[in-house]
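A short worksheet on the structure shown next.
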Amino acid sequence: MQIPIKRSLERVPGGLMVVPLFLGAILHTLFPNTATFFGSFTGALFNGALPILAVFFVCMGAGIDFRATPAIARKGGVLLAVKVGVAAIMGVVFGHLLGEAPVVGGAFAGLSTLAIVAAMNDTNGGLYLALMGQFGRPKDAGAYAIMSLESGPFLTMVTLGLAGLSAFPWPTLVGSILPLLIGMILGNLDRDMRAFLSGAAPVMIPFFAFALGFGLDLAKIWQAGLLGIGLGVAVVAVTGVALFVADRLTGGNGVAGVAAASTAGNAAAVPAIIAAANPAYKEAAGPATVLVAASVVVTALLVPLLTAFVAARVRPDAAEADPAPVPNPAPTVP
């Protein structure tokens with residue numbers, strides 16, 4: 001008898017990331033000493049999110065092709081700059097209001113600058129590519145080869161530093177992007193290494209997600225429910241408008257911009273990495289992980305609806321196929 005576990009997970013928006021994360025949180029709430037009780041490899045599986053993430057980013061970087069055409073590089077560069085720029089502006093604004101710590105009471109309890117920046121910084125690549133396959137052009141789909149540089153904690157660290165919050169020493173900044181760069185070098189030097197490493201990236205998603213979830217308190221997840229929905233709506237609204245305008249100003253029809261207004265599944269891993277690098281964010285990391293995970297789900301539901309709405313209203317010729325070649329995009333978190 002076969003049970004369609006993977007297929008069922010994929011029916012949930014961001015399911016390979018979100019479902020294991022919440023399963024880990026449930027297990028931690030009911031049996032918090034599980035990792036200590038078993039120890040050894042089982043304990044490492046429950047607590048080893050960071051080593052798994054390090055390997056994940058090497059494999060992900062291997063799928064990024066240096067040989068993007070100028071048109072693809074321009075499109076991806078603009079969308080990347082706008083997405084990260086909006087997150088930086090939000091980081092500066094909320095950094096002055098909140099600092100590093102989360103809000104401790106009221107309807108916004110758990111909200112932090114870290115959560116806002118992490119949710120806005122990184123686009124859901126799998127969702128973007130799927131939407132471009134249906135509504136976009138090859139050039140727009142290929143732009144994700146450049147946009148995938150958002151992945152990982154590096155740009156979030158830079159943004160928090162620009163916001164005037166606790167900064168990170170340069171070795172930490174370099175270390176945060178080094179696995180991705182190593183993967184890029186290996187993948188571009190040898191196409192066999194690209195196929196070997198990039199194919200392994202999706203396999204690790206549920207494992208680091210489960211380990212991240214095991215560090216969360218289910219009671220706090222419940223409290224963050226409505227706030228997480230609000231954060232997801234804000235990501236779509238704020239980044240969606242900016243990306244739509246940027247796409248139109250650079251010769252696009254706005255569809256690619258709207259399709260990029262989402263939160264990547266691996267963004268839920270960023271708060272824990274940030275806290276490990278700088279203890280000033282330790283208090284904010286747990287609630288931020290929950291909020292960003294909620295934003296992954298909410299944006300995965302809203303962005304396809306908004307993209308279809310925009311695509312139905314652009315000029316008929318705007319959706320014509322573009323002859324520009326498409327590079328092999330990096331593997332992405334759904």
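As a basis for the values below, the full set of heavy atoms in this structure was taken, side chains included, without hydrogen atoms, waters or symmetry mates.
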Verify the cluster assignment for Phe37 and Leu27: are they in a single hydrophobic cluster under the rule of side-chain heavy atoms below 4.5 Å apart?
no
CG on Leu227 to CZ on Phe108, rounded to 0.5 Å:
7.0 Å
Test side chain to side chain contact (heavy atoms under 4.5 Å, CB included) applied to Thr250 and Arg74, step by step:
CA-CA 9 Å; Thr250 54; Arg74 183 171 62 252; 5.7 Å; no
Nearest heavy-atom neighbours spanning Pro20 and Pro206
CB-O, 3.5 Å
How many angstroms lie between CG in Asn121 and CG in Leu80, if you round to the nearest 0.5 Å?
9.0 Å
Can you tell me how far the CG atom of Leu45 sits from the CZ atom of Phe214, to the nearest 0.5 Å?
10.5 Å
Any salt bridge between Lys75 and Asp247, counting N to O under 4.0 Å?
yes
Mind running side chain to side chain contact (heavy atoms under 4.5 Å, CB included) on Val55 and Met204 for me, showing each step along the way?
CA-CA 8 Å; Val55 180; Met204 285 177 276; 3.6 Å; yes
Between Leu305 and Phe135, is there shared hydrophobic-cluster membership here, with clusters defined by ILVMFWY side-chain heavy atoms closer than 4.5 Å?
no
Check for a donor-acceptor pair, side chain of Thr113 on one end and backbone N or O of Gly99 on the other, with a separation under 3.5 Å.
yes
Determine whether Val236 and Val255 fall in the same hydrophobic cluster, where Ile, Leu, Val, Met, Phe, Trp and Tyr are linked whenever their side-chain heavy atoms lie under 4.5 Å apart.
yes
Taking the side chain as C-beta and beyond, is there a heavy-atom pair between Met120 and Thr263 under 4.5 Å?
no
In this structure, CZ of Phe154 is separated from CG of Leu178 (nearest 0.5 Å) by 11.0 Å
Is any side-chain heavy atom of Val233 less than 4.5 Å from a side-chain heavy atom of Val298?
yes
Atom of Ala267, atom of Pro271 and distance for their closest heavy-atom approach
O-CD, 3.3 Å
Which heavy-atom pair separates Gly76 from Met147 by the least distance, and what is that distance?
O-CG, 3.6 Å
Quick one: closest heavy-atom pair of Pro287 and Gly110, and the distance?
CB-O, 3.5 Å
When rounded to the nearest 0.5 Å, the distance separating CG of Leu189 from CE of Met184 is 11.5 Å
Give the cluster check for Val19 versus Val292: same hydrophobic cluster or not, with ILVMFWY residues linked at side-chain heavy-atom distances below 4.5 Å.
no
Is it the case that one hydrophobic cluster holds both Val241 and Leu231, taking links as side-chain heavy atoms less than 4.5 Å apart, direct or via other members?
no
Please check if the side chain of Thr34 supplies one atom and the backbone of Phe31 the other of a donor-acceptor pair under 3.5 Å.
yes
With rounding to the nearest 0.5 Å, note down the distance linking CG in Asp190 to CG in Leu186.
8.5 Å
Looking only at heavy atoms, which two atoms of Ala246 and Val78 are closest? And how far apart?
CB-CG1, 3.9 Å
Given 3.5 Å as the limit, does a donor-acceptor pair link the side chain of Ser295 with the main chain of Leu291, or not?
no
Would you mind reporting whether Arg194 and Asn188 have side-chain heavy atoms less than 4.5 Å apart?
yes
Decide if the gap between the ring center of Phe210 and the ring center of Phe46 is smaller than 6.0 angstrom.
yes
Using a 3.5 Å distance criterion without hydrogens, assess whether the side chain of Arg313 forms a donor-acceptor pair with backbone atoms of Phe309.
yes
State, to 0.1 Å, how close Ala261 and Val235 come at their nearest heavy-atom pair, and which atoms those are.
O-CG1, 4.2 Å
Do Val303 and Thr307 touch side chain to side chain, with heavy atoms closer than 4.5 Å?
yes
State, with a plain yes or no, whether a side-chain heavy atom of Leu160 is found less than 4.5 Å away from one of Tyr281.
yes
Donor-acceptor contact present, side-chain Asn124 to main-chain Ser262, <3.5 Å:
no
Does the side chain of Leu243 reach to within under 4.5 Å of the side chain of Leu79, using non-hydrogen atoms?
yes
Pairwise side-chain contact, Leu114 with Glu100, heavy-atom cut-off 4.5 Å (strictly under):
no
So, Lys83 side chain and Ala260 main chain: donor-acceptor pair closer than 3.5 Å or not?
yes
